Participant: 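Quick one: this structure, given as structure tokens, is what I'll be asking you about.
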Amino acid sequence: MTATYTSAERVDDALAALAAGARPVAGGTDLVVGARHGKAPLPESLVAIHDVAELRGITGSDGGLRLAAMVSHAEIVGHPDVRARYPALADASAIVGSHATRHVGTIGGNLMNASPAMETGGPLICFGAEAVLRSVRGERRVAVADLLVGPGSTSAEPDELLVAVLLPVQPRGAGSCYLRLEYRRHMEIAVVGVTCAVTLAAGGGVEQARIAITALAPTIRRVPEAEQALAGGGADAVSVAAVAVAAAAQPISDVRATADYRRAMAQVIARRAITAALARARGEHVPIPASPALHGAT
Amino acid sequence: MATVEQAPAAAPFIRQDGKDKVTGLGRYTADLSLTGMLYAKFRYADHTHARILRIDTARARQLPGVFAVITHADVPDVRYGAFVQDRTLFAKDVVRFEGELVAAVAALTPEIAAAAVELIEIDYEPLPAVADVEAALAEGATLVHEGWADYSAADEVVRDGNDCSRSTIVKGDIESGLASADVVVKERYVADMSHAVPIEPHAVVAQWNGDKVTVWSSTQVPFMARAGVATTLEMSEADVRIVVPLLGGGFGGKCEFHFEAQVAALARAARRPVRLVFSRREEFVAPDHRREGQVIELETGVMNDGTLVARRGRLVLDNGAYGADAPFFPQLAAMMAVGPYRVPHVSVDASLAYTNTAPSGSVRAPSAPQSCWAVEQHMDSIAGRLGIDPVELRRRNIVKPGDEGSTRQVYDAIGAAETLEKAAELIGYGRELPDDEAIGVACGFWPSFSMPSGAFVKIHGDGSGTIVTGAQECGTGAVMALPLLAAEVLCMRPEQFTIVYQDTDAGPWDAGASGSQTTFNNGRAVIQAAHDIREQLLDLAAEELEASRDDLELGDGMVRVKGSPTKSVEISALAETAAGDKLLLGRGSGSPPPVPDVDASGCTGRLGMESWVGPTFITHAVRCKVDRETGVVRVLEVAAAHDSGRVLNRIGADGQVEGGVVMGIGMALSEGIQLSDDGRQLNPYLLDYKLATASDAPPITVHWVEVPDPGAGPNGAKGVAEPPCVPTPGAIANAIAKVTGARVHRLPMTPTRVWEAMQS
Amino acid sequence: MRYDATLNVNGDSYSVEIEPHRSLLSVLRGELGLAGSKEGCDDSECGACMVLVDGQPVNSCSYLALQTQGREIVTVEGLTGASGELHRLQHAFLAEGGVQCGFCTPGMLISAKALLDSNPHPSEDEVRLALSGNLCRCTGYQGIVRAVMSVAAGSP
């Protein structure tokens, strides 16, 4: 049970608190719910970072975007540059929890909670995003792919605060999509999720492909075999890539689905996500979030 | 037969409790706070089946802020149960499911109470757990209750070991019936357990005044709660008062007697008021009222023209660890297994198996949605075998007035066939659809429950009135609509009446918000009480107007002489006169409608379900879209046609259908308890026990086939609240099978199961 | 330890002394006596506890009370006007049969207000999606959706 609480107004205040052993709380959607649900008790010492102005806002950065850690899912979904250039991320943020969760929940919290079912991880990895981690000892950048090391675990040190996520510039001809299998139309958690980010060459062929799986392995991770199949493939490249995604999955059986079903759905969702990413790369309209549209629910 | 078309919707009926509910000022049990109040916390079993070797509460008692710790040793050694007395307030010697109470703590704060229950030391000898119903009934199965034969039980309950209650429905000669059929179709279905999931979790507050206790409880059945407290704490019912603040839904999950006695015992031990509020996890795991799982085997003989000739059924229902009110479910399920169809030869055998899981109990139309889901899929399978359209097959077999049911009950004024036609018409059955969509249809039926009930009506000196009723409002609006009935008799306006309800010290006995019975039985009581007042008003007016009583009539808030409109007296004037020495007090109960004649001579385990008063009939037609690759199903549209006799409160009745259908959608597609091998619920939280959300709920068209039933409730009304969830899962199942060509034999029909069905 | 905090709820300012683990919901219902917001689950799934914080919907059961200092909180009690007149949504919920047991109603009203404040003329599907974080077991959502649509239709 939490004994001490401070509310930081500057990043340095928060870093000092972390150095002294406190844990950060922003929207609390994972931390407080986890405690109420009996997953993990609240930390002994908390530092609230919701008032830190430096941790807010989406800004341009070297042709890419810088998402400060406290940027909410609602802000991501509503941001025209994210929607236009990083639609997979907008797809993901648009389907996190409920309206309330999306207003309160932040990109930083989502990432640092490191759930293998978390929505934004796949898109960030496929975009080659970097996490900016800062502590009283200094600042470093870590690729999001290297940040997520296991279920609920990151490579960040306990005294490091995620201050921002950097999205690198995307080349001309890029398109992306994050797609989640959805039982209900809303209020879902990923049982199977696939991200695809592609770049098309001038001739229309796939120049570069990145594909990541969500809730199909202990961490969200890319599937190089699928990427190679898509980038180098012929007419049936999409199908071959989707099969590769299913082959790479390490699905489990639990209350949400059987492993067999997850593996089969990995292929279906991969094919749909890749198809939608290609369509977006060609300039065709695919609504955000892509999920309900591609599942035929609208 | 003539049916009365529904008149256009009446002017909006604004419920009296509505303003409190929309302003947030209304108080539910968990909102109550009393001076000196302590917080209760239960200690649950650590095993699903184990012998208790030792309980030591010393460390818990020593924790500062703890005022009471109680176990079975601290309450009277009383076994209770509606049909089989198999239950104690706290586990005695053996725990039989994960939510079983072993001890309770009352402490100054919820945090201290939670810490204290963890300090209670319990040693167990684990016993083999029985989680599967069919394994429970197998030869040599571990007995959930070793001492079952020594329990007292209602005479009619047929019991044997783990079979807590067995019923059969027998009519004609099943063997010759099957032999005479052109085609025999045999199928097996399995339904998982599900939950009532009221949005308000259980809450109880108890306070003693001398030897009397007042218990505020989130119960649907305050008089049963009173009887339960009196029985288990060995008190007089007069010393127990149950008050229900606003009730946040029940759906059967808050039927019967629950936790009132444990909290009362804690309050007595602590000598302080005590409040218990459940978390959502506790609401899933502890209440002994979840919808039972079923294994349903059906074998039907049918002629090539679609005429049903024989139905054999074998059903096993999951009772869980204790009987609660479930022992009459096998007979209900056995009736359901035939459906609302003419079948000359019937043999259905239904058992209720004890397992080491949470006890089953009444949840909205207990046993019906599951068995209807199986029966109505079976009907479509038969139609498929015969090459007959499913609606046409039903049309050829559905019961009509004059037909007899499985126990030779002859149906009187019923509109079953009309519900079928209307639902098919409203959904546009037979129209062209995209190839991933289909329309599924299912018919169902459900009894009304004829029970005693009571109410008082008083008219005040200013002419306003108060209805004092024993009835319980669980949200449906049934109690809120009682002023409509009194006002109609007295030619007054409904808003002239206030309602005193949900207090066992005020109103007469009533069976509570259960069995769709409030309007059916308490409505009758209120009408009779209003007639009692009417007679008194006529006496007073005859004196006042110096007219013969027979020449008087009531109208527009006055009593007047027929044919001479100027000779009249306002009811308020009569009330003012009467306020002095004559009391305008009416009382009523009305006689419960008699149960229809039946011939159930060949049936065993007869617990009253062989004869149905005011049977209701329902057809739901649903249009679904199925993603053939993922097995994800969306319900796009529902047409619900109901015969509940005369509809007395349209907005309330529509609300019951709309809510019931959406509950049925949840049951069909996502609501199921998942169990570990030893009987623990693996998904006791709402993220993985999925209710339909607003975005999953489709537009619903409601139609009432109003066939007033002279043998039923007030003005020909029948039950309304339970029937709406009965056929929805079956209709959805049939739509899924039409799209996919595969039948899903397991409920809920989750995407995984739909997909698996398509693979095989 | 306990911390002093000032909470602004429905235009009133409250000074409280609370422990850091306390949820906004528990402080509203406990110290502040505003019991309209309800607790229906443990995992932000039911929405019965929904309040507005700086105009945005928040599951108050899963939000630390201390984090709301200096921010404007609106609960269901704050929908009713100063002289007791009902908000248009409150009227519509009653008239359209959007209220049965009433336990989800406070949170449902707050989510509906949050929606209409940001999107005064939503489509029916937008209403259904916006209310998906609020579970109702009684009404099948039909009366609730009708109520929100009727208020939207009457908005300028």
Side-chain angles (χ1 to χ4, degrees), chain A residues 1-2 29-30 33-39 41-42 95-99 101 115 117 179-192 194 239 242 246 251 253-272 275 289 291-298, chain B residues 109-112 114-115 192 279-282 434-437 624-636 665-666 669-676 680-698 739 748-759:
Chain A
M1 200 70 79
T2 303
T29 53
D30 283 319
V33 171
R36 284 167 49 77
H37 213 185
K39 213 153 84 182
L42 280 178
I95 57 175
V96 171
S98 68
H99 276 235
T101 312
S115 160
L179 197 64
R180 174 177 84 176
L181 175 67
E182 299 192 311
Y183 291 173
R184 294 183 295 190
R185 284 189 62 205
H186 213 79
M187 298 298 287
E188 278 301 346
I189 185 163
V191 175
V192 170
V194 176
S239 303
S253 288
D254 64 7
V255 293
R256 292 174 190 155
T258 61
D260 285 348
Y261 178 70
R262 277 193 165 97
R263 189 180 297 281
M265 289 311 105
Q267 185 177 338
V268 172
I269 299 300
R271 198 190 67 238
R272 293 180 184 183
T275 305
S291 287
L294 292 177
H295 297 319
T298 47
Chain B
T109 68
E111 289 86 358
I112 296 172
D192 290 350
S279 68
R280 178 55 59 185
R281 186 181 191 288
E282 289 173 303
D435 78 339
D436 59 351
E437 291 184 20
C624 293
K625 185 185 193 81
V626 185
D627 183 333
R628 286 198 188 82
E629 287 188 315
T630 63
V632 172
V633 178
R634 305 272 181 239
V635 180
L636 302 177
I665 291 171
L669 300 177
S670 60
E671 290 188 42
I673 295 174
Q674 300 190 45
L675 290 177
S676 67
R680 292 174 197 272
Q681 185 177 351
L682 297 169
N683 56 339
Y685 47 94
L686 291 169
L687 175 58
D688 285 312
Y689 182 99
K690 295 178 189 296
L691 274 56
T693 72
S695 55
D696 302 304
V739 174
M749 299 171 289
T750 58
T752 301
R753 289 170 178 173
V754 173
W755 176 80
E756 283 170 351
M758 283 186 288
Q759 306 310 304

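Chain A is the first sequence line, chain B the second, and so forth, proteins listed ahead of strands; every chain is numbered from 1. Computed from heavy atoms alone, side chains included, the values below leave out hydrogens, waters and symmetry copies. Since we're looking at a predicted model, the values are computed, not measured.
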Participant: Just to verify, what does B/E629 make a salt bridge (Lys or Arg N to Asp or Glu O under 4.0 Å) with, not counting sequence neighbours?
Facilitator: A/R271, A/R272
Participant: So B/T693 and A/R185, do their side chains get closer than 4.5 Å, heavy atoms only?
Facilitator: no
Participant: Quick check on B/S670 against chain A: is it the side chain, the backbone, both or neither that has a heavy atom closer than 4.5 Å?
Facilitator: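 It is neither, since no heavy atom gets under 4.5 Å.
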Participant: Testing the basics here: between B/T630 and A/Y261, what is the closest heavy-atom pair and its distance to 0.1 Å?
Facilitator: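 Shortest heavy-atom contact: O-OH, 2.5 Å.
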Participant: What part of B/Q759 gets within 4.5 angstrom of chain A, counting heavy atoms only: side chain, backbone, both, or neither?
Facilitator: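 B/Q759 has no heavy atom closer than 4.5 Å to chain A.
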Participant: Taking only residues two or more places apart in sequence or in another chain, which ones pass salt bridge (Lys or Arg N to Asp or Glu O under 4.0 Å) with B/R753?
Facilitator: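 Listed in chain order: B/D192.
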Participant: Are B/V632 and A/E182 packed together at the side-chain level, in the sense that at least one heavy-atom pair is separated by less than 4.5 angstrom?
Facilitator: no
Participant: Name the region of B/L686, side chain, backbone, both or neither, that has any atom closer than 4.5 Å to a heavy atom of chain A.
Facilitator: backbone
Participant: Please tell me if the side chains of B/K690 and A/Y183 come closer than 4.5 Å, counting only heavy atoms from C-beta onward.
Facilitator: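 Yes; the side chains approach each other to less than 4.5 Å.
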Participant: Check each of B/T750, B/L687, B/N683, B/T752 against A/R256 using the side chain to side chain contact (heavy atoms under 4.5 Å, CB included) test, and report the only one that passes.
Facilitator: B/L687
Participant: Relative to chain B, which segment of A/V268 carries a heavy atom at a distance below 4.5 Å: side chain, backbone, both, or neither?
Facilitator: side chain
